[in-house]
Amino acid sequence: MNNSVAGFSKLSKEDKINWIANQYFSTPSEAVALLKNYWNADEKIQKLHDEFIENTVSNFYIPLGVAPNFLINGKYHTIPMAIEESSVVAAASKAAKFWSARGGFKATVINTEKIGQVHFIYKGDVSKLELFFAQLKSKLFDSTENITRNMQKRGGGILDIVLKNKTNLLPNYYQLHAAFETKDSMGANFINSCLEVFAKTLKEEALAFESFSEEEKNIEVVMSILSNYVPNCIVRAEVSCPIADLAEKHIENPQEFAAKFIQAVQIAEVEPFRAVTHNKGIMNGVDAVVLATGNDFRAIEAGIHAYASKNGQYSSLSHAKIENGNFSFWMEIPLALGTVGGLTSLHPLVKLSLEMLEKPSAKELMQIAAVAGLAQNFAALRSLTTTGIQDGHMKMHLNNILNQFEANEEERNLTRKHFKHNTVSHSAVVDFLENLRK
Ligand code: MEV
């Protein structure tokens, strides 16, 4: 069958759904019904979602959960988390409770600088380009005045613009490398708009620069775009307590626990295969908050993983130590988040999440997301170095298996009772259900 289609985006939503259903499904009416089943009954909300992207045919649900009891810098938060993985919210809540009894989390925003670049090709004398840039710089600021005015009122704007010679990497390759402060907005549109004006000004001014030869005047802009690598937009999250205070169920010997925990972190510091999974656990927490608060989790992921490789080898984002009988566990990660603009004022559940967090500033949200990541990492390492991860994970996953096999209420109760004291595995649950159904 020919599955190509012309003018798809121009079709009505109904026609798009019918086309997909007829094209790919043996029972098209079922596919149509399923897609429509996930439409929101409130037409206003549905229209909003339809217009977020092109070719919307339905909504794709993932759960929005909350993790209460997060004591951060002396204040309690209930953290909204959008995530599908069974054990993540439970683990976050557990870690939150554990640390709230031990002084809570401390979080500090270290800096908030964002980066944007105009990548261009200049064929000529470098010293002339440097001279040209010296007088171009103020014009770059002037030419973006109408874009930066509002941002400046909020205390942000363009912090600096430098010329970077990258010809050691690619022939004739240079950059305008600019730093921005975007306050409570993530700032992507603001930065990209500034960069496109920089690019235009760069080209125009080069044509008028008398010391340039004809070839030198012809600066070729390749692209203008923000960078999601933000090594100067860093938040630190940490916990610490006397080693003896770590004692709890499954932590009978706190000294031993702390030592093993630190070994687990050290392994992630030196071994990339482990580091990736270790950091994935951190991102379970960070992404869930980023998504629930309407931020761009792809940008955050890309930036954080690049940061994890900043010393030339992919490594753990978190670190731990014992000093003077004290256990401390911390991480510093780049997080360019926004609490105004973008989806934050559009998506009803994002608005609700931000309200639940008591309308945080971008800096406060950086702290909350980083803490969620550290909590997640603590919970994972605690399980891994004590009971193993599968025990808790599979107990949470049990519901998914029961749903997969459409277990009735009685079967569910009996299965849950049985697996309270038995190891959950997919096959063990299937065997148990099959036995029940005999
Ligand atoms: C699972 O989503 C995350 C973990 O694998 C993280 C880790 O291994 O540290 C449990």
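Small disclaimer: the values here were computed from a predicted structure and weren't measured. The first residue of the sequence shown is numbered 1, and numbering continues consecutively from there. All values below were derived from every heavy atom in this structure, side-chain atoms included, with hydrogens, water molecules and symmetry-related copies excluded. Just follow the structure's listing: the first ligand is 1, and inside any ligand the first atom is 1.
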Yes or no on side chain to side chain donor-acceptor pair (under 3.5 Å) for D50 and Q46, after CA distance, side-chain angles and deciding distance? CA-CA 6 Å; D50 286 350; Q46 189 51 55; 2.7 Å; yes
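- In terms of modelled atom types and a separation under 3.5 Å, the side chain of T56 and the main chain of F52 share no donor-acceptor contact.
- Aromatic ring centres of W99 and F70: separated by at least 6.0 Å.
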Pairs under 3.5 angstrom, nitrogen or oxygen on both sides, ligand 1 versus protein: list them out, please.
{"residue": "ligand 1", "atom": "2 (O)", "partner": "E85", "partner atom": "OE1", "Å": "3.2"}
{"residue": "ligand 1", "atom": "2 (O)", "partner": "E85", "partner atom": "OE2", "Å": "2.6"}
{"residue": "ligand 1", "atom": "2 (O)", "partner": "K280", "partner atom": "NZ", "Å": "2.6"}
{"residue": "ligand 1", "atom": "2 (O)", "partner": "N284", "partner atom": "ND2", "Å": "2.9"}
{"residue": "ligand 1", "atom": "8 (O)", "partner": "R274", "partner atom": "NH1", "Å": "2.9"}
{"residue": "ligand 1", "atom": "8 (O)", "partner": "R274", "partner atom": "NH2", "Å": "3.4"}
{"residue": "ligand 1", "atom": "9 (O)", "partner": "R274", "partner atom": "NH2", "Å": "2.8"}

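- The local environment of NZ in K363 is sparse, with at most 12 non-hydrogen atoms from other residues, nucleotides or ligands closer than 6.0 Å.
- At least one cation-pi condition fails for K106 and W330: the charged atom is not both under 6.0 angstrom from the six-membered ring centre and inside a 45 degree cone around its axis.
- When each of H49, E43, E51 is paired with K47, the side-chain hydrogen bond (donor to acceptor under 3.5 Å, both in side chains) condition holds for E51 and for no other.
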